[in-house]
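Sequence lines set the chain letters: A, B, ... in the order given, protein chains first and strands last, and positions in each chain run from 1.
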Amino acid sequence: MTEPVETRHFIQQMIDADIERGQWGQAGDRSVVTTRFPPEPNGFLHIGHAKAILLNYGLAKEFGGKFNLRFDDTNPAKEEQAFVDSIKHDVQWLGATWDGEVKFASDYFEQMYDWACELIRKGLAYVDEQPVDDIRAQRGSLKEPGKPSPYRDRPIEESLDLFERMKNGEFPNGAMVLRAKIDMSSSNMNLRDPLMYRIVNATHHRTGDTWHIYPMYDWAHGLEDSIEGVTNSLCTLEFEDHRPLYDWFIDAINKDRGPDSPWGEKIHHPRQTEFSRLAISYTNMSKRYMKQLVDEGHVSGWDDPRMITIAGFRRRGYTPKSLQMLAEDVGITKFNALVDMGRVENMIREDLNDRAPRRMVVLDPIKLTITNWGEGGDEDRVEMMAIPNHPQDESYGQREIPFGKELYIEREDFMEEPPKKFFRLGPGREVRLRAGYWVTCTDYTKDSDGNITEVFCTYDPQTKGGNNPPADAEGKVRKVKGTLHWVHAPSAVDAEVRLFDRLYMVERPGKKSGDHLDDLNPDSLQIISGAKCEATIAERTSDEPDWVDGIRRFQFERQGYFCVDQDSTPDKLVFNRTASLRDSWAKQQ
RNA sequence: GGGGGAAUGGUGUAAUUGGUAGCACGAGGGAUUCUGAUUCCCUUAGUUCGGGUUCAAGUCCCGGUUCCCCUACCA
């Protein structure tokens, strides 16, 4: 067999080449690599952001460089401190640690203002006093060139004066803007004299009322990167058209700069590279869609376990590791891929299968009574049964659970008239109760609606612990096809269990229907109030791992992976189903 | 009637930069199993199309097709 070779994606290869060539300094020095995650603090992070965070953090870590968390807080009208806090929390939870202090674009407003003045002085920017609509009309269209503003060639001193007064708050919103003087006939719309500053008379969450002008994204972003010494400014595909502008602004500042220049030395010029954003079937990454789901009450909030926000995944029980695995799995390319939601589910199954301690919980209980238990004596007898906490990992140890006359089993594990391939309980059939005894169904009762109310069985005392009975006279050992989970009724603890399904019924919500709300899955949430748990689950036990986020997670045997919800209290346990187990029986049906 | 990107099994990705198209997931089959889980084994199926260069093309050249993005005082 061939050795597994480490393959490097196109961004890694590009950085390798840059390092080798000495693009950022001394050739071979890997530690210069600096990346950043630049969220706008105007909402919650989603799984798509996780890909970007992990890419940037991963690169910095791999090369021994730096990773910055920088808030792009250039629009006071939309941004809030609360989002800053939630974003920091999410980034940390994902396992990405940023270098030094958290950074803010607003820390650089003064520097950006100075550079803007420099561009005006160099004749590369001007104040435009036209109303929005006029500017828009003059921009032209995709196929027609734009027309220059009448203010385009106004004297430098005039622009300088107006710009300063814009800054000082002398004008109302929309009165005028600062524009770069580039090319009104460019086939790239971004180059048709883009706006650099607009007037926004609003209170900023960090700078308060200091500023009355705020920089636009294209002007600000590259400068922020430059100031921080970012080498690789990574962003998504839709910014490819912006790269010429990103470069133009830095080049404009560097124009006529150099040793002995009155403007000063040249500033650092980062490299912008674009990769495709993450898209997942049966979801939508649109912030607008997500906000609508929350605002209109289709979900309980931004952290609803059905949401694809990082907070939603966390509450659902996903681990940081599972999201890291996903990011690794989908890779980095420029191809607009659609990742199957099934892959996301497989990642958390893979992680939790390795790590989650097992428990027995009956979600939809029916009573099972063992009629020959305590025959001729003690019907209340309880036997303690040892059961492994993890079948593949002995280090998890084992626990003892009670077994007695009255138990609960899963409603779907009994059928009155079972088909041949049904390996579970039915009249006259024998099954193993996991780590308990083998039982044979002798009778059952129904209510007037035909629902099974109770199942009666006899047990075989020779199968204690769930072990096979001894061989008969001919040396043959009796066999059972099915093993059921169960809970001892008298000691069972009640719990609420929330089962989640996909939020949307179609691969691309809103694509065909036109409205994503029409594609919502009406059965995406099912709340079970009377689940029966083995008593060991009520409080944390020593076999439970130390999850980095402190959230308790389990596999409920034969059911799936579950975590303790934040709504859970000692008096009322609440579990969320993170993912079901794969179920080849259900698939057969 | 403009500009910028991208196309490899069902899905997501590799291919030492011109030299055996590989990996993972899924799907199908089998083995093991005190979870119809896990684990293990086998099978399945691919270079967007048409030309060209070459001993040799996923890779280079020419032409076509399809998909995504771009006309916010948002980022």
Side-chain angles (χ1 to χ4, degrees), chain A residues 2 4-5 7-9 13 38-40 42 72-75 77-79 128 131-132 135-137 139-146 173-179 185-192 194-200 213-214 216-218 220-221 235-244 274 276 281 287 326 329-340 342-343 346-347 349-350 353-354 358 360 387-388 390-392 421-424 431-436 438 463 465-468 480-485 555-560 580-588:
Chain A
T2 49
V5 283
T7 61
R8 299 174 67 64
H9 56 68
Q13 293 183 26
E40 182 187 14
N42 71 343
D72 212 359
D73 54 347
T74 56
N75 187 354
K78 291 186 179 176
E79 297 154 4
D128 192 340
V132 202
I135 292 179
R136 202 171 288 163
R139 193 145 32 213
S141 72
L142 294 178
K143 290 169 184 175
E144 288 162 20
N173 291 353
M176 54 191 75
V177 295
L178 183 71
R179 298 178 72 177
S185 62
S186 171
S187 52
N188 182 344
M189 300 295 288
N190 297 122
L191 264 23
R192 319 246 260 231
L195 273 57
M196 294 167 64
Y197 279 93
R198 78 286 209 191
I199 297 170
V200 183
I213 54 172
Y214 288 87
M216 302 291 290
Y217 169 86
D218 285 305
H221 203 85
C235 59
T236 45
L237 252 29
E238 67 270 28
F239 288 99
E240 279 179 316
D241 285 346
H242 294 244
R243 185 167 8 106
E274 310 83 17
S276 63
S281 63
K287 206 175 265 186
L326 179 72
D329 185 62
V330 299
I332 301 296
T333 65
K334 292 174 85 90
F335 176 64
N336 266 305
L338 181 66
V339 175
D340 196 309
R343 289 179 95 82
N346 282 335
M347 290 302 155
R349 285 196 185 104
E350 194 179 329
N353 176 54
D354 288 346
R358 316 282 127 128
M360 291 211 284
I387 182 170
H390 190 121
Q392 279 84 38
K421 301 272 268 194
F422 186 79
F423 301 150
R424 286 110 96 148
V431 296
R432 176 188 357 253
L433 294 180
R434 177 149 165 77
W438 290 22
T463 58
N467 291 313
N468 292 355
V480 284
K481 296 280 270 187
T483 298
L484 308 187
H485 62 283
Q555 184 197 95
F556 293 174
E557 296 209 34
R558 301 212 307 133
Q559 290 289 357
S580 62
L581 249 34
R582 283 160 97 184
D583 189 349
S584 58
W585 165 245
K587 211 155 63 176
Q588 270 180 52

Hey, does A:Arg349 reach any base, or is it just sugar-phosphate, or nothing, if we go heavy atoms under 4.0 Å?
nothing
B:G2 and B:U8, which share atom name C1', separated by this distance in whole Å:
31 Å
Closest-nucleotide 5' rank along RNA chain B - winner of A:Asp73 and A:Phe422:
A:Phe422
What is the separation between atom CZ on A:Arg582 and atom P on B:U33, rounded to the nearest whole Å?
20 Å
Take atom CD of A:Glu144 and atom P of B:G3, then tell me their distance rounded to the nearest Å.
15 Å
Which part of the nucleic acid, if any, lies within contact of A:Pro388, taking any heavy atom under 4.0 Å across all strands shown: a base, the sugar-phosphate backbone alone, or nothing?
nothing
Which whole-number value in Å describes the distance from A:Phe239 CZ to B:A6 P?
18 Å
Non-neighbouring partners of A:Asn173 that pass side chain to side chain donor-acceptor pair (under 3.5 Å), sequence neighbours left out
A:Asn201
Tell whether A:Gln392 reaches the base of B:A37 with its side chain through a donor-acceptor pair below 3.5 angstrom.
yes
Quick test of the criterion, 5.5 Å between centres and less than 30° between planes. Is A:Trp585 stacked on B:G36 or not?
yes
Taking 4.0 Å as the cut-off, does a side-chain nitrogen or oxygen of A:Arg139 come that near to OP1 or OP2 on B:C73?
yes
Side chain of A:Met189 only, please: which of B:G26, B:U35, B:U71 is the nearest?
B:U71
Whole-Å gap separating P (B:A75) and CG (A:Asp241)
17 Å
Can you tell me how far P of B:A24 sits from CG of A:Leu326, to the nearest Å?
18 Å
Watson-Crick and G-U pairing of RNA chain B written in dot-bracket, each distance under 3.5 angstrom, with | for inter-strand partners
.((((((..((((.....[..))))((((((.......))))))...(((((..]....))))))))))).....
Reckon A:Gln559 touches a base, only the sugar-phosphate, or nothing at all at heavy-atom distances under 4.0 Å?
nothing
Using atom P of each nucleotide, how far apart are B:G58 and B:G52 to the nearest Å?
15 Å
When we call it a touch if two heavy atoms are under 4.0 Å apart, what does A:Glu240 touch: a base, just sugar-phosphate, or nothing?
sugar-phosphate
Expressed as a whole number of angstroms, how long is the span from A:Arg136:CZ to B:C73:P?
5 Å
Between A:Lys78 and A:Glu40, does any NZ, NE, NH1 or NH2 come within less than 4.0 Å of an OD or OE carboxylate oxygen?
no
Touch check for A:Ala337, heavy atoms < 4.0 angstrom, all strands: base, sugar-phosphate only, or nothing?
sugar-phosphate
To the nearest Å, give me how far apart CD (A:Glu238) and P (B:A72) are.
16 Å
